[in-house]
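If you read the sequence from its start, that first residue is 1, and numbering goes on from there.
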Amino acid sequence: MAGKRQGRSRTPEPVREKVDGGVAELVPDRERPRAWSLLIDGAPQSHVDLDDPTRLEFAYQRRLGHVVDLVSPPGQPLHVVHLGGGALTLPRYVAATRPRSTQQVIENDAALVQLVRRELPLDRSWRIRVRGGDAREGLAKLPDHWAHLIIADVFTGARTPAHLTSTEFLAEAARVLRPSGWYAANLTDGGRLDFLRSQVATVRACFPECLLAADPAVLRGRRFGNALLLGTAGELPVADLTRRIATDPHPGRVEHGRVLADFTAGAVAVTDATAKSSPAPPDDIFR
């Protein structure tokens, strides 16, 4: 037809917006037409592929995905609590891999939730309820033994808030979990790893089984980065998790049992009276 020209579809423009926790940016993935990365004040938070919610781009998200895969038999619907929402990457993953799951997301940043809902909408058939408010306060409102899995991924100014690091907080998480349920936390640390060691000691004080997974360079204190900390009153499939994490595109190492006890190196469990926020990342880490 005269007057019409066909051309390549244009890559979406980034979306930049002020939210409660800083400046949020949704940056389009140049390789995938409907995939986006979420940054808060320049720090990468999440990656979402709207065409394939099972695709987990970030290493820490893949490790949490392994937790979702192994917490119960494949395909079994779950009750999951997400403390911290971000771009809702993990809730999307649960909904796609375990249909009919029921999920509660507690996110304190109301403006961020509005941005994500508008730009990265959820499938209406997914049973995902997003609640506003503080993660610990929201957790306290949930019934006993409701959740198969609690995922704690809360950052304020790139730091985990102190009140989400104590034995009192973990006691609340244990109350909400089913007897064999899992608590999984995404944490960050570097250097001497004092924060991470104290968090291992805290989880070990509250759960009979505990596991830590991270990049080997992070565990040696050579690089600031993410770590997965897992606790349960049931059993952990240590061999399966170790194999999956070791064969990821960015392989990680799993510490468990005596090796993990040695890693803790005399650190003591944290209480509300002694809790501190996780350390701030180095200024140049995202440059």
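- The line from CG of L112 to CG of L38 is 6.0 Å long, rounded to the nearest 0.5 Å.
- Under a 4.0 Å N-O distance rule, the pair E209/R204 does not qualify as a salt bridge.
- Screening V116, I40, D20 against D109 for a side-chain contact (heavy atoms from CB on, under 4.5 Å) leaves a single residue, D20.
- In summary, the side chains of D134 and N108 do not present any donor paired with an acceptor at a separation below 3.5 Å, with no hydrogens or angles considered.
- The side-chain heavy atoms of H163 and E168, taken from C-beta on, include no pair separated by under 4.5 Å.
- Judged by distance alone, the side chains of R159 and T188 never bring a donor and an acceptor atom under 3.5 Å apart.
- Taking all atoms of both residues into account, the shortest heavy-atom contact from H145 to L177 is ND1-O, 3.1 Å.
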Give the intermediate values and the outcome of side chain to side chain donor-acceptor pair (under 3.5 Å) for residues Q103 and H82.
CA-CA 8 Å; Q103 302 184 72; H82 302 266; 2.6 Å; yes

Checking K141 against E172 for the salt bridge (Lys or Arg N to Asp or Glu O under 4.0 Å) test, could you report, in this order, the C-alpha distance in whole Å, the side-chain angles of both residues, the deciding distance, and whether it holds?
CA-CA 10 Å; K141 297 176 182 178; E172 194 64 38; over 6 Å; no

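- Dense packing is recorded around CZ of R220, with more than 12 heavy atoms of other residues, nucleotides or ligands lying under 6.0 Å away.
- Going from atom CG of D52 over to atom CD of E57 covers 11.0 Å, rounded to the nearest 0.5 Å.
- Once rounded to the nearest 0.5 Å, the distance linking CD of Q114 with CD of E17 reads 8.5 Å.
- Under the 4.5 Å side-chain heavy-atom criterion for ILVMFWY residues, a single connected hydrophobic cluster contains both I150 and I106.
- No chain of hydrophobic side-chain contacts below 4.5 Å, direct or via other Ile, Leu, Val, Met, Phe, Trp or Tyr residues, connects F207 to L211.
- By the 4.5 Å heavy-atom criterion applied to side chains, D144 and V176 are not counted as neighbours.
- Residue E107 comes nearest to G86 through the heavy atom pair OE1-N, 3.5 Å, listed as atom of the first residue, atom of the second, then distance.
- A salt bridge does not link R244 with D248: every distance from a Lys NZ or Arg NE/NH1/NH2 to an Asp or Glu carboxylate oxygen is 4.0 Å or more.
- In summary, the side chains of R178 and H148 do present a donor paired with an acceptor at a separation below 3.5 Å, with no hydrogens or angles considered.
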Please determine whether side-chain contact (heavy atoms from CB on, under 4.5 Å) holds for the pair W146 and T102, giving the CA-CA distance in whole Å, both sets of side-chain angles, and the decisive distance to 0.1 Å.
CA-CA 10 Å; W146 184 83; T102 301; 3.9 Å; yes

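- Checking side-chain atoms of T232 against main-chain N and O of G234 turns up a donor-acceptor pair under 3.5 Å.
- Panel note: side chain S278, backbone T160; a donor-acceptor pair is recorded below 3.5 Å.
- Side-chain contact between F58 and N226 is absent, with no heavy atoms from C-beta onward closer than 4.5 Å.
- Separating the CG atom in D49 from the CD atom in E31 is a distance of 12.0 Å, to the nearest 0.5 Å.
- Note that the NE2 atom of H66 and the CD atom of Q61 stand 12.0 Å from one another [nearest 0.5 Å].
- Cluster membership for L64 and L83, using ILVMFWY side-chain heavy atoms within less than 4.5 angstrom, is not shared.
- Of the listed residues (L219, L187, L230), just one forms a side-chain contact (heavy atoms from CB on, under 4.5 Å) with L212, and that residue is L219.
- Residues V23 and R16 meet the side-chain proximity criterion, which asks for heavy atoms closer than 4.5 Å.
- With contacts defined as side-chain heavy-atom distances shorter than 4.5 Å, the pair L88/V48 does not qualify.
- Taking CZ from R92 and CG from L56, the interatomic distance works out to 12.0 Å, rounded to the nearest 0.5 Å.
- The shortest heavy-atom contact between Y60 and S46 is OH-OG, 4.2 Å.
- Counting only heavy atoms from C-beta outward, the side chains of Q199 and V270 approach each other to under 4.5 Å.
- A donor-acceptor contact shorter than 3.5 Å links the side chain of T202 to the backbone of S198.
- Note on V19: it does not cluster hydrophobically with F155, by side-chain heavy-atom contacts below 4.5 Å among ILVMFWY residues.
- In terms of modelled atom types and a separation under 3.5 Å, the side chain of D153 and the main chain of G84 share no donor-acceptor contact.
- Counted within 6.0 Å of CZ on R192, heavy atoms from surrounding residues, nucleotides or ligands total 12 or fewer; the atom is thus considered open.
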Using side-chain contact (heavy atoms from CB on, under 4.5 Å), reason through D29 and W36 one step at a time and then give a plain yes or no.
CA-CA 5 Å; D29 188 325; W36 299 79; over 6 Å; no

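- Taking the six-membered ring for Trp and thresholds of 30 and 60 degrees, Y183 and F169 have ring planes more than 60 degrees apart, a perpendicular arrangement.
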Start with the C-alpha gap between D272 and S166, add the side-chain angles, then the distance that decides, and say whether side chain to side chain donor-acceptor pair (under 3.5 Å) holds.
CA-CA 6 Å; D272 281 344; S166 67; 2.6 Å; yes

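- Under a 3.5 Å cut-off, the side chain of T89 and the backbone N or O of H47 do form a donor-acceptor pair.
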Derivation and outcome, side-chain contact (heavy atoms from CB on, under 4.5 Å), residues L78 and V71
CA-CA 9 Å; L78 299 175; V71 69; 3.6 Å; yes

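- For the pair D215 and R253, the salt-bridge criterion is not met [side-chain N within less than 4.0 Å of a carboxylate O].
- For E255 (side chain) and L260 (main-chain N/O), no donor-acceptor pair under 3.5 Å exists by modelled atom type.
- Taking the side chain as every heavy atom from C-beta outward, R127 and R100 approach each other to under 4.5 Å.
- A continuous path of Ile, Leu, Val, Met, Phe, Trp and Tyr side chains, each step under 4.5 Å between heavy atoms, connects L70 with V238, placing both in one hydrophobic cluster.
- For the pair W126/V94, no side-chain contact is recorded, criterion being any heavy-atom separation below 4.5 Å from C-beta on.
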Show the numbers, then the answer: is there a side-chain contact (heavy atoms from CB on, under 4.5 Å) between L115 and L26?
CA-CA 9 Å; L115 172 64; L26 290 172; 4.1 Å; yes

